Amino acid sequence: MGMNERYEPQAIESKWQSRWNESRLFEAGRRKGPRKYVLEMLPYPSGKMHMGHVRNYLIGDVYARYFAMKGFDVLHPMGWDAFGLPAENAAIKDKVHPAVRTEENIQSFVKELKSLGYSYDWSREVNTSDPSYYRWNQWFFIQMLEKGIVYRRFSKVNWCTGCLTVIANEQVVDGTCERCESKVEDKEMPEWAFRITKYSQALLDGLDELKEWPERITSMQRNWIGRSEGAEAVFKVEGSGQDIRVFTTRVDTIFGCTYVVLAPDHKLVASITTAERKAEVEVFAAEMAALGKEARTQEGAEKRGVFTGAYALNPFTGARVPVWLANFVLSDYGTGAVMSVPAHDERDFEFAKKYALPVTVVIQPETGEKLSAAALENAFTEYGVLENSGPYSGMKSADARTKMAQDLEAKGLGKLAITWRQKDWGFSRQRYWGTPIPVVYCTTCDPDRRGITVPLEQLPVKLPDIDVSEVLTGRGDPPLAKVPSFVNTTCPRCKGPARRETETMDTFVDSCWYYARYLSPKDDSAPFSPQAGRDWLPVDIYVGGPEHAVMHLLYFRFWSRVMKELGLSPVDEPVRRLITQGIVNGPDGRKMSKRWGNVVQPSSIVAKYGADTARAYVMFAGPPERDFDWSDDQVEGAHRFLKRVWVLAQAHEACASATFSGTYEGKALEIRRAAHKCCKRVTDAIERLSFNTAIAGVMEYVNALYAFEAPSSDAEKAAMAEAIRMLALLLTPFTPHLSEELSESYGGKTATVDQGWPSYDPALVVDDVLPYAVQVNGKLRAEIRAPAAAGEAEVRAIAEADERVKANLAGKQLKKVVFVPKRLLNYVVAGG
RNA sequence: GGGCGGGUGGCGAAACUGGUAGACGCGCCAGACUUAGGAUCUGGUUCCGCAAGGAGUGAGGGUUCGAGUCCCUCCUCGCCCACCA
């Protein structure tokens with residue numbers, strides 16, 4: 001055996017990678033301990049892996065290896081979020097089939113992942129664009145349709161008048177299409193949606209259980225779900241029998257309502273507008289529709305509105321207030337109508353000033369300050385005490401809110417109401433590269449076009465092969481509608497001619513349940529085995545970017561509940577502990593991007609320094625959750641450290657066969673102490689997610705081992721050999737290849753992950769003599785050393801013998817002494 | 001505007017529950033070995049000061065024997081959301 005003169009990472013890394021591969025070292029089920037499921041967000045296989053991926057997977061990999069060493073049966077899988085827009089857009093541009101491009105990218109990803117030595121169980125690889133995967137999306141769709149969780153609705157979409165197709169919000173720039181610069185309009189189109197709002201409360205409540213999720217993620221979800229408690233109130237439209245329902249969180253201000261505003265596309269607009277106002281209202285509504293929701297509700301946009309000519313009646317006072325339309329009121333939040341109280345709402349105030357609408361103060365601050373409508377320069381939006389509010393005058397806002405809502409309900413003119421910011425999830429896309437929605441339309445059996453689901457035994461509905469240049473044009477009908485062999489089918493009911501649904505599913509569907517598919521990736525009777533679900537779920541550690549805080553991470557929590565209802569999964573919450581890693585920026589502190597020319601390719605680092613250096617550097621650079629800027633110098637430093645480890649191990653290789661069974665003392669004992677202290681430090685650091693300090697601990701340890709002269713006695717040799725073996729094991733999660741090489745040359749017979757995580761002897765990690773800080777009035781005046789077992793009296797005696805302490809206490813009156821065992825002594829004195 | 005994070009040497013960062021601020025690494029300085037070294041090893045390195053000593057964790061206040069850590073006010077950077085009624 002024997003270690004080479006020089007540290008040559010490329011040679012040892014490929015050697016160990018193939019050994020791990022051949023021995024199937026990382027396949028789940030190999031170890032018999034309790035289970036641990038470590039997962040990283042599956043990547044969308046774009047061109048090349050970037051540093052963000054490297055870091056993401058390293059965090060998972062460190063844990064996977066650590067837990068494996070601790071004897072857990074670890075599941076650590078990897079797969080591909082292979083459907084999606086970029087591949088389809090690239091296809092439109094380059095005429096390469098998305099499947100081809102995606103497959104190339106996957107190959108390149110696999111190669112890079114393997115070169116970094118990640119401990120994946122490749123036997124469970126999942127590809128979401130494979131029919132054996134997406135057939136289960138279709139299966140879920142059908143189950144959920146039957147349970148009423150999937151439904152069809154009409155919804156506004158961005159319609160490009162040039163491409164004659166639906167485009168995404170991001171593609172709309174200033175109301176025009178990013179690609180062809182034609183006008184984009186709102187258009188009502190049918191779409192499929194998940195009734196995720198049925199789960200809003202459950203998803204909100206579930207957040208309280210997620211104690212091991214970062215606060216900022218749960219708080220973002222809380223915001224996104226956006227529960228708001230308030231009241232609904234009915235304003236009857238004068239002389240029309242129509243009701244305007246408004247939602248408000250501040251029903252306590254209702255006596256100050258001086259007008260009511262509807263969204264421009266509110267369904268009552270046409271029926272309540274008076275004849276003389278009709279022309280103007282129609283122009284306004286049409287203009288708003290043409291502008292699109294994005295543009296018209298942009299922050300900072302001027303408030304604009306138009307009077308409908310209609311009047312509505314305040315449910316409490318019967319007061320007659322005008323009904324307006326305004327650009328800033330949204331038809332899909334609350335009831336699409338608001339009561340305006342300019343004295344107590346910023347937007348209403350601004351609007352009222354512009355259109356000279358009256359302002360009535362009905363809340364006075366509790367500070368005693370007196371507001372008057374005439375003198376008001378800004379809306380007073382805080383809680384206070386009611387006035388000019390009939391029987392409620394004198395009540396506090398909080399109390400009035402409840403009481404007034406109850407009274408509305410009693411009168412049949414409203415109720416307590418809860419509104420959610422979260423909307424149902426529209427998931428159909430007019431795209432090719434996604435899961436086909438398993439529905440057919442038959443004019444005979446289904447004249448209303450509600451859709452007939454494809455029978456389960458006919459799944460999967462596969463994506464047809466296509467001529468890319470004809471089908472993927474980015475314009476006109478949805479791509480699948482251009483493929484007659486796909487569209488034309490037979491009705492499952494009447495066997496007559498029928499047409500298939502040509503829309504595909506949002507790719508967020510794919511990532512809703514992939515983690516469960518890893519449990520039984522080849523199962524063709526179910527999405528996954530419920531038994532495996534009971535064995536492995538929930539995922540113990542999930543690692544990914546915080547950019548998924550509210551889409552993916554909310555959708556898959558929703559899906560998890562659905563899977564539980566379907567009897568597939570035992571858990572509500574899919575993930576116990578979530579880790580969100582920070583961004584790796586370029587050396588210039590800017591986001592890595594081709595535009596700035598500051599991209600560092602993982603492959604180039606591996607080629608130059610080896611995977612272990614890349615791994616050590618990325619883990620050492622800072623805490624996982626924080627962003628950091630790439631630093632070539634620090635990479636050099638990490639590499640230097642690994643070379644030092646190599647040289648150290650090589651220098652003492654002769655010790656590998658040493659044995660000793662007596663009592664360690666002197667230098668040999670010091671070596672053992674250093675090893676065991678390091679073990680404790682690294683173990684604690686990994687448990688606290690502090691990988692950078694874990695590595696710092698090993699660095700200190702290596703420095704300490706360098707300081708020991710050549711071991712001469714058997715005891716010293718044996719201690720040194722033990723120390724190097726310890727080093728190899730402690731580094732295994734971070735630099736596994738180097739560790740294997742070290743371990744092997746020191747007599748290791750198995751892979752380091754199979755050697756177990758080292759334990760330390762508690763007796764060896766405590767010192768006999770400890771440093772104490774001696775303070776006078778909180779200022780450090782001396783440092784002394786005292787036996788670990790010493791009590792206050794003994795430490796004081798040592799301290800008071802110190803010249804500096806004596807000098808600082810001389811002539812002062814001692815008031816008190818604070819003694820903190822094992823740390824410090826503080827003399828509190830007066831005078832001088 | 002709302003929510004959530006940060007702000008500590010020349011730089012990346014440590015300091016787990018209030019207890020010697022700056023571990024570890026980078027950079028820099030000095031020395032050693034060297035034909036040479038941008039290789040390696042050893043030592044030094046918060047700032048001011050020759051020193052004794054003093055100052056110091058974005059700013060200001062407070063609690064405490066003692067505050068980077070807790071409380072209040074403010075400044076600043078980043079991310080997410082945002083005319084949400």
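In what follows, chains are A, B, ... by sequence order, proteins preceding strands, each numbered from 1. Predicted model, so just to flag it, every value in this text is computed and none were measured.
- Of all non-hydrogen atoms in Ile686(A) and Ala694(A), the two that sit nearest each other are CG1-CB, 4.3 Å.
- Residue Asp627(A) is in sugar-phosphate contact alone, with no base atom involved, counting any heavy-atom pair closer than 4.0 Å across all strands shown.
- Nearest heavy-atom pair, Pro624(A) versus Ile59(A), reported as atom, atom and distance to 0.1 Å: CB-CD1, 3.7 Å.
- With respect to Glu229(A) and Arg401(A), no salt bridge is recorded, no charged nitrogen being found less than 4.0 Å from a carboxylate O.
- Comparing rG54(B), rG12(B), rC80(B) by their closest approach to the side chain of Gln634(A) singles out rG12(B).
- Using P as the reference atom, rG6(B) and rC72(B) are 16 Å apart when rounded to the nearest Å.
- Under the ring-ring contact (aromatic ring centres under 6.0 Å, His included) criterion, Phe247(A) pairs with no residue at all, not counting sequence neighbours.
- Nucleotides rG60(B) and rG44(B) are separated by 34 Å at their P atoms, to the nearest Å.
- Taking side-chain N and O atoms only, Arg681(A) has no distance below 4.0 Å to OP1 or OP2 of rC24(B).
- Stems are defined here as 3 or more consecutive Watson-Crick or G-U wobble pairs with pairing distances under 3.5 Å; those involving RNA chain B are B:1-7 with B:75-81, B:10-12 with B:24-26, B:27-32 with B:40-45, B:46-48 with B:53-55, B:58-62 with B:70-74.
- Across rA85(B), rA39(B), rU20(B), the shortest atom-to-atom separation from the side chain of Leu780(A) is found for rU20(B).
- In this structure, the CZ atom of Phe691(A) is 22 Å from the P atom of rC24(B), given to the nearest Å.
- A salt bridge links Asp684(A) with Lys680(A): the distance from a Lys NZ or Arg NE/NH1/NH2 to an Asp or Glu carboxylate oxygen falls below 4.0 Å.
- Only the C1' atoms considered, rA21(B) is 11 Å distant from rG9(B), to the nearest whole Å.
- The two residues Val543(A) and Gln581(A) make their nearest non-hydrogen contact at CG1-OE1, 4.1 Å.
- The side chain of Phe247(A) has rA85(B) as its nearest neighbour among rA82(B), rA23(B), rA85(B).
- For the P atom pair drawn from rC70(B) and rU17(B), the interatomic distance equals 9 Å after rounding to whole Å.
- Counting any heavy atom pair closer than 4.0 Å across all strands shown, Val329(A) reaches a base atom.
- Glycosidic conformation at rG31(B) (O4'-C1'-N9-C4 for purines, O4'-C1'-N1-C2 for pyrimidines): anti, more than 90° from 0.
- As a whole-Å value, the separation of Asp345(A) CG from rG2(B) C1' is 14 Å.
- Taking 4.0 angstrom as the limit, Asn703(A) places none of its side-chain polar atoms (N or O) nearer than this to OP1 or OP2 of rU42(B).
- Of the side-chain N and O atoms in Asn692(A), one or more sit less than 4.0 angstrom from OP1 or OP2 of rA14(B).
- With rA23(B), rG27(B), rA85(B) as the candidates, the nucleotide lying closest to the side chain of Thr693(A) is rA23(B).
- The heavy-atom pair separating Val765(A) from Tyr760(A) by the smallest distance is CG1-CD1, 3.9 Å.
- Going from atom CE of Met619(A) over to atom P of rA13(B) covers 14 Å, rounded to whole Å.
- Heavy-atom distances to RNA chain B give each of Gly336(A) and Ala782(A) a nearest nucleotide, and the one nearer the 5′ end belongs to Ala782(A).
- Ring planes of Tyr355(A) and Phe351(A): tilted class, angle from 30 to 60°.
- Residue contacts for Gly226(A): at a heavy-atom cut-off of 4.0 Å it reaches no nucleic acid atom on any strand shown.
- Taking 4.0 angstrom as the limit, Arg644(A) places a side-chain polar atom (N or O) nearer than this to OP1 or OP2 of rU42(B).
- At the heavy-atom level, Val338(A) lies under 4.0 Å from base atoms of the strands shown.
- Taking every side-chain heavy atom of Arg216(A) into account, rC4(B) is the closest of rC4(B), rC80(B), rC24(B).
- Residue Pro623(A) places its side chain closer to rA13(B) than to any other of rA13(B), rC24(B), rC84(B).
- When rounded to the nearest whole Å, the span between NZ of Lys643(A) and P of rC26(B) equals 11 Å.
- When the side-chain nitrogen and oxygen atoms of Arg640(A) are compared with OP1 and OP2 of rG38(B), none of them lie within a distance under 4.0 Å.
- Listed candidates were rA85(B), rC81(B), rU20(B). Nearest to the side chain of Ser228(A) is rA85(B).
- One can place CZ of Arg688(A) at 9 Å from C1' of rA15(B), the figure rounded to the nearest angstrom.
- Here the options are Leu809(A), Asn826(A), Leu825(A), the test is side chain to side chain contact (heavy atoms under 4.5 Å, CB included), and the partner is Val776(A); only Leu809(A) passes.
- Contact check on Arg796(A) versus Glu794(A) returns no salt bridge, with no Lys/Arg side-chain nitrogen under 4.0 Å from an Asp/Glu carboxylate oxygen.
- Following rounding to the nearest Å, Glu229(A) (CD) and rC84(B) (P) show an atom-to-atom distance of 18 Å.
- Within the nucleic acid shown, Thr248(A) comes within 4.0 Å of sugar-phosphate atoms alone, with no base atom in reach, counting heavy atoms only.
- For the P atoms, the distance linking rC4(B) with rA14(B) amounts to 23 Å, nearest Å.
- If you take atom P in rC29(B) and the same atom in rA39(B), they sit 13 Å apart, rounded to whole Å.
- The pair Arg681(A)-Glu700(A) counts as a salt bridge, with a side-chain nitrogen and a carboxylate oxygen less than 4.0 angstrom apart.
- Comparing Glu636(A) and Asp348(A) against RNA chain B, the residue whose closest nucleotide sits nearer the 5' end is Glu636(A).
- At the heavy-atom level, Arg781(A) lies under 4.0 Å from the strands shown only through sugar-phosphate atoms.
- When rounded to the nearest whole Å, the span between OH of Tyr772(A) and C1' of rG66(B) equals 16 Å.
- Residues from residues 818-827 of chain A placing a heavy atom under 4.0 Å of any atom in RNA chain B, listed by number, are Val818(A), Val820(A), Arg823(A), Leu824(A), Asn826(A).
- rG49(B) and rU40(B) are spaced 36 Å apart, taking the C1' atom of each and rounding to whole Å.
- Of the P atoms belonging to rC24(B) and rU46(B), the separation is 12 Å, rounded to the nearest Å.
- Contact check on Lys822(A) versus Asp767(A) returns no salt bridge, with no Lys/Arg side-chain nitrogen under 4.0 Å from an Asp/Glu carboxylate oxygen.
- No contact: Glu625(A) has no heavy atom under 4.0 Å from any strand.
- Counting only heavy atoms from C-beta on, Ala773(A) has its side chain closest to rU20(B) among rU20(B), rC84(B), rA13(B).
- In this entry the distance linking CG of Asp684(A) with C1' of rA23(B) reads 15 Å, nearest Å.
- There is no side-chain donor-acceptor pair under 3.5 Å between Arg250(A) and Tyr383(A).
- Each of rC84(B), rU20(B), rA13(B) was ranked by its minimum atom distance to the side chain of Arg626(A); first place goes to rA13(B).
- The residue Glu700(A) sits close only to the backbone: its heavy atoms come under 4.0 Å of sugar-phosphate atoms, none of a base.
- In this structure, Arg577(A) is not positioned above the aromatic face of Trp213(A) in the sense of NZ or CZ being under 6.0 Å from the six-membered ring centre and within 45° of the axis.
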